Amino acid sequence: MKLTNKELKNINGGAAVSGSVISGVVRGVNTFLDLGRALGSSLRRLGNGSICPI
């Protein structure tokens, strides 16, 4: 089945932001913030010399 140009211009959709897209973005931002906090804590402990031996 082939569509004409007039029918192709009437096609809508595909540009909506869904809940799963928003959830994915929020998870990505939260992961980035958690990594920053962990790195900051590690650098602070390294600078203070309070690293526990494993």
Side-chain angles (χ1 to χ4, degrees):
M1 175 180 184
K2 292 188 177 183
L3 299 175
T4 65
N5 285 338
K6 185 177 180 182
E7 292 171 329
L8 288 173
K9 290 179 183 178
N10 289 329
I11 296 176
N12 293 326
V17 177
S18 65
S20 60
V21 171
I22 294 171
S23 176
V25 169
V26 168
R27 278 186 170 183
V29 169
N30 283 338
T31 301
F32 183 72
L33 290 175
D34 289 339
L35 287 172
R37 287 185 193 113
L39 180 61
S41 295
S42 297
L43 291 175
R44 186 177 60 235
R45 287 190 318 167
L46 184 65
N48 290 338
S50 61
I51 297 177
C52 300
I54 296 178

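Since we're looking at a predicted model, the values are computed, not measured.
The two residues Lys2 and Glu7 come nearest to each other via the heavy atoms O-OE1, 4.3 Å.
Val29 and Val21 are assigned to two separate hydrophobic clusters, defined by single-linkage of ILVMFWY side chains at heavy-atom distances under 4.5 Å.
For Arg27, the salt bridge (Lys or Arg N to Asp or Glu O under 4.0 Å) test picks out no residue, with sequence neighbours left out.
Between Leu43 and Leu39 there is a side-chain heavy-atom pair separated by less than 4.5 Å.
Cluster partners of Phe32: none. The rule joins Ile, Leu, Val, Met, Phe, Trp and Tyr whenever side-chain heavy atoms lie under 4.5 Å apart, and it links nothing here. Through direct or indirect side-chain contacts shorter than 4.5 Å among Ile, Leu, Val, Met, Phe, Trp and Tyr, Leu3 is connected to Met1, Leu8, Ile11.
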